[in-house]
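Here's the structure, in structure tokens; my notes come after.
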Amino acid sequence: MEQFYQVLAWVGVFFYWLIIAGVTMRVVFKRRVVGVSLAWLMIIYIIPIGGVFAYLLVGELNLGKKRAERALEMFQPFADWFQRLNDCPGHQPQQMSLHARPISDLCENRLGIPALCGNSLSLQDSPHKILHSLIEDIQQAKEAIHLEFYIWHPGGLADEVASALIVAAKRGVKVKVLLDAAGSMRFFRSYWPKLMRDAGIEITAALAVSPLRMFLRRLDLRQHRKIVVIDDNIAYTGSMNLVDPEYFKTDAGVGQWIDVMVRVTGPTVSVLNCIQAWDWEVETGERYLPPLPACQLPSPADSSDMIQVIPSGPGMPDEIIHQVLLLSIYQAKESIVITTPYFVPSENLLHALESAAERGISVHIVIPDKNDSIMVEWASRSFFTELLAAGVNIHRFHGGLLHTKSVVIDNNHCLIGTVNLDMRSLWLNFEVTLAVDNPEFTQQLSWLQQEYIKDSAHIELSEWEKRPVINKLIEQFFYMFSPLL
């Protein structure tokens, strides 16, 4: 009997080794960023069985069979729609600045989406201003309202938005709401979905979370875009979820969330509407291709309001926003200012920022002093010494959880949208960013960034190096997992 158990043990060890070897080969042959592969190999070898199980759950970008097939079928009709934007009078590539043209060329070649001018932009720089503006536009809606958010959290002004949507639906406006199932879990458990559906509003949960689907689709893949389109005339996008900061995560100990949104009118509205339509069809199978923008030849004054819409996520070109970000940094000649709530840069992004500072560019990174993610907080700190030594300025914001995601280059070109500077946003989630070639708008965003910096503490290298040894050890531990955060 004892011999039988010995044989059984050896068979178990052999099969476990076989599983480890198989998963290792799979990790290696995926040919991802080396840091990502090494992080997964470390998890697989250090955590018996659990490491393999974790990799099978979230180690690979798996959209799910149904969604993947649907995305494949959708690609050509949407590609044709984007291609027809080249005939819009708002497509004026000759009017682009030296910063904008390479970004536009990259996005046209990889995404097929051209930059369009003739837009009007308004920077909504506080959550209350954003929500009141959104409610006012909903009250004026006549035909259709499309909303897409990662988080809808009931309470305060968010409830007033829901009430305005119900009133709009009852007067005949067609309302569609797409919310991430995990991010908006509290909303789906509230009474609001029933009230809204009873009023005729279509509500869909994107990327439903279920233990039954854990091996069919990657569960931590999230719909992180924030888009509102009203009557195909007005659009909003930016960093803010549909939440009232006075009612959202009040017990997290990080203060109120600080966000911005961009209110857009003009031909870019139709592009954002088309991206929302893509997400709706991926989830529901229902196709709605919005009308092409009714562009008129822009006046010389409007030709500078150039916007390049850059969506990313499964089914779209890999690393497109990461490429745009790197391209923007390498084009900088004077200054780079970045605000982000989560800062866990890729190796390429880290080197780009260091190289910019070392060639004399003024580089500033503004992050929250307190973060709602402990792992991200410690992983982020692990990069500070290297960046500070290269001459990068790091500011820790004290006015709440700074959730604004923005990049301003040389005070004349900017990126603004939903993308955090971490691997999850740059490689995994559904995101959208606007590359704005408009000096006036960029200056407004730059002024806002300077207000953030005034309410921040500047980190000095000499003081940072005096932190306790235990902190350095914790930082190094989480640094090893930074490619996965």
Evaluate whether atom OH of Y247 has more than 12 neighbouring non-hydrogen atoms of other residues, nucleotides or ligands under 6.0 angstrom away. no
Is the number of heavy atoms from other residues, nucleotides or ligands under 6.0 Å of L98 CG greater than 12? no
So, [X] and [Y]: side-chain donor and acceptor under 3.5 Å apart, yes or no?
{"X": "T442", "Y": "N412", "result": "no"}
{"X": "H153", "Y": "N241", "result": "no"}
{"X": "H224", "Y": "D180", "result": "no"}
{"X": "S97", "Y": "H413", "result": "no"}
{"X": "Y452", "Y": "T339", "result": "no"}
{"X": "S312", "Y": "E431", "result": "no"}

Donor-acceptor under 3.5 Å ([X] side chain, [Y] main chain):
{"X": "E148", "Y": "I227", "answer": "no"}
{"X": "T237", "Y": "K226", "answer": "yes"}
{"X": "N393", "Y": "V363", "answer": "yes"}
{"X": "D244", "Y": "L157", "answer": "yes"}
{"X": "R381", "Y": "W378", "answer": "no"}
{"X": "S355", "Y": "A352", "answer": "no"}
{"X": "D422", "Y": "F343", "answer": "no"}
{"X": "D305", "Y": "S120", "answer": "no"}

Anything under 30° is parallel, anything over 60° is perpendicular, the rest tilted; go ahead and classify W257 against F248. perpendicular
On the 0 to 90° scale, with breaks at 30° and 60°, tag the H128-H132 ring pair as parallel, tilted or perpendicular. perpendicular
Do [X] and [Y] make a side-chain contact, defined as non-hydrogen atoms from C-beta onward lying under 4.5 Å apart?
{"X": "Y288", "Y": "H146", "result": "yes"}
{"X": "P127", "Y": "E246", "result": "no"}
{"X": "P341", "Y": "L402", "result": "no"}

Side-chain ion pair, E202 and K174, N-O less than 4.0 Å: yes
Using a strict 4.0 Å threshold on nitrogen-to-oxygen distance, state whether D198 and K194 make a salt bridge. yes
Using side chain to side chain donor-acceptor pair (under 3.5 Å) as the criterion, list what pairs up with K405, not counting sequence neighbours. H403, N420
Which residues pass the side chain to side chain contact (heavy atoms under 4.5 Å, CB included) test with D137, not counting sequence neighbours? S133, I230, I234, Y236, R263
How far apart are the closest heavy atoms of [X] and [Y], and which atoms are they?
{"X": "N233", "Y": "V269", "value": "O-CG2, 3.6 Å"}
{"X": "R171", "Y": "Q139", "value": "NH2-O, 3.0 Å"}
{"X": "C107", "Y": "V324", "value": "SG-CG2, 4.0 Å"}
{"X": "V177", "Y": "I201", "value": "CG2-CG2, 3.9 Å"}

